[in-house]
Amino acid sequence: MRPPLPPFTLETARLKIQAAEDGWNSRDAVRVAQAYTPDSIWRNRSEFIRGRDQIVAFLTRKWEGELDYRLIKELWAHSKNRIAVRFAYEWHDQAGNWYRSYGNENREFASDGLMRWRIASINDVAIREADRLFFWPLGQRPSGHPSLSTLGL
């Protein structure tokens, strides 16, 4: 069981999104995968992923290439057992080139609060290091850091 559980209210949907953001900012693939059902189905960009083992493999590969990854998620909409999220994250590649990746994510949850379906569409934009907006020590975003809306994203 992974509270908060559906059906979601505005408050519980926001809590669910914050927990997901915190998990992804840990960059711990095994920890993140535990938030999904064992048979979870993903579409991430053009990749189709099924189950926790594939989630762990995907996230491990992702964070080996997306260095200094920092993510902000924001609730877009919610219903009984679904949440729509918009997000942005900043990272750099091995050569030191910086990017901001923008995306939308649709999520459907099982009654135990685990995510069973994730559909993500993401676009990468090259940025100069001087244009970065996400500054905090690696890990969880501090509570005082601006949201996507506050940053104008």
Subject >> Rounded distance [0.5 Å steps], CG in L75 versus CZ in R14 >> reply: 6.0 Å
Original post:
If you measure from the Lys or Arg side-chain nitrogens to the Asp or Glu carboxylate oxygens, is any gap between E47 and K62 under 4.0 Å?
Top reply: no
**OP:** Could I get the full list of side chain to side chain contact (heavy atoms under 4.5 Å, CB included) partners for A95, not counting sequence neighbours?
**Re:** D93, N97
Subject >> Closest non-hydrogen atom pair between A84 and N106, with its separation >> reply: CB-OD1, 3.8 Å
**OP:** With sequence neighbours excluded, tell me which residues meet salt bridge (Lys or Arg N to Asp or Glu O under 4.0 Å) with R141.
**Re:** E21
**OP:** State yes or no: do L148 and W91 share one hydrophobic cluster built from I, L, V, M, F, W and Y residues joined by side-chain heavy-atom distances below 4.5 Å, directly or via other members?
**Re:** no
**OP:** Locate the shortest heavy-atom distance separating G139 from N25; write the atom from each residue and the value.
**Re:** O-CB, 3.3 Å
Original post:
Are V85 and I72 co-members of a hydrophobic cluster defined by side-chain heavy atoms under 4.5 Å apart?
Top reply: no
Subject >> Partner set under side chain to side chain contact (heavy atoms under 4.5 Å, CB included) for S121, not counting sequence neighbours >> reply: R43
**OP:** Following the transitive rule for hydrophobic clusters with a side-chain heavy-atom cut-off under 4.5 Å over Ile, Leu, Val, Met, Phe, Trp and Tyr, establish whether F87 and F134 coincide in one cluster.
**Re:** no
Original post:
Which heavy atom in P6 sits nearest to a heavy atom in A110, and how many Å separate them?
Top reply: CG-O, 3.4 Å
Subject >> Inter-residue atom distance S111.OG - R116.CZ, 0.5 Å rounding >> reply: 7.5 Å
**OP:** Report the distance from atom CG of D124 to atom OH of Y89, rounding to the nearest 0.5 Å.
**Re:** 5.5 Å
Original post:
What pairs with P3 under side chain to side chain contact (heavy atoms under 4.5 Å, CB included), at least two apart in sequence or on another chain?
Top reply: M1
Original post:
Is W76 reachable from W24 through a run of hydrophobic residues whose side-chain heavy atoms are each under 4.5 Å from the next?
Top reply: no
Subject >> Euclidean distance, E66 CD relative to Q94 CD, rounded to 0.5 Å >> reply: 11.5 Å
Subject >> From I55 atom CD1 to I41 atom CD1, the distance as rounded to the nearest 0.5 Å >> reply: 10.0 Å
**OP:** Inspect the surroundings of CZ in R100 and state if more than 12 heavy atoms from other residues, nucleotides or ligands are less than 6.0 Å away.
**Re:** yes
Original post:
Between the side chains of N44 and R118, is a donor N or O closer than 3.5 angstrom to an acceptor N or O?
Top reply: yes
**OP:** With sequence neighbours excluded, tell me which residues meet side-chain hydrogen bond (donor to acceptor under 3.5 Å, both in side chains) with E74.
**Re:** R86, S149
Original post:
Who pairs with D112 by salt bridge (Lys or Arg N to Asp or Glu O under 4.0 Å), at least two apart in sequence or on another chain?
Top reply: none
**OP:** State the NE2-CD1 distance between H78 and I17, to the nearest 0.5 angstrom.
**Re:** 10.5 Å
**OP:** With sequence neighbours left out, write down each residue that passes ring-ring contact (aromatic ring centres under 6.0 Å, His included) with H92, or none if nothing qualifies.
**Re:** W98
Original post:
According to a 4.5 Å side-chain heavy-atom criterion applied to Ile, Leu, Val, Met, Phe, Trp and Tyr, with indirect links allowed, do F48 and I119 form part of one hydrophobic cluster?
Top reply: no
Original post:
Do R70 side-chain atoms and W136 backbone N/O form a donor-acceptor pair below 3.5 Å?
Top reply: yes
**OP:** Quick one: closest heavy-atom pair of A33 and R52, and the distance?
**Re:** O-NE, 3.3 Å
**OP:** Measure across L59 and A29 and return the closest heavy-atom pair with its distance rounded to 0.1 Å.
**Re:** CB-CB, 3.7 Å
Original post:
Any side-chain heavy atom of I49 sitting closer than 4.5 Å to one from Y36?
Top reply: no
Original post:
Who passes side chain to side chain contact (heavy atoms under 4.5 Å, CB included) against R2, sequence neighbours left out?
Top reply: K16, Q34, A35, L114
Original post:
So do L151 and H145 actually touch side chain to side chain, heavy atoms under 4.5 Å?
Top reply: yes
Original post:
For V56, which fellow cluster members are found when Ile, Leu, Val, Met, Phe, Trp and Tyr are connected by side-chain heavy-atom distances below 4.5 angstrom, either directly or through intermediates?
Top reply: V30
**OP:** Return each pair, listed once, that meets salt bridge (charged side-chain N to carboxylate O under 4.0 Å, His left out) where at least one residue sits in residues 22-39; pairs must be two or more places apart or across chains.
**Re:** none
**OP:** Measure across V32 and S26 and return the closest heavy-atom pair with its distance rounded to 0.1 Å.
**Re:** CG2-OG, 4.4 Å
Original post:
Is there any ring pair (Phe, Tyr, Trp, His ring centres under 6.0 Å) pair reaching into residues 100-127, and which pairs are they, with sequence neighbours excluded?
Top reply: F8-F109
**OP:** Run through the side-chain heavy atoms of Ile, Leu, Val, Met, Phe, Trp and Tyr, join any pair under 4.5 Å, and report what else lands in L15's cluster.
**Re:** none
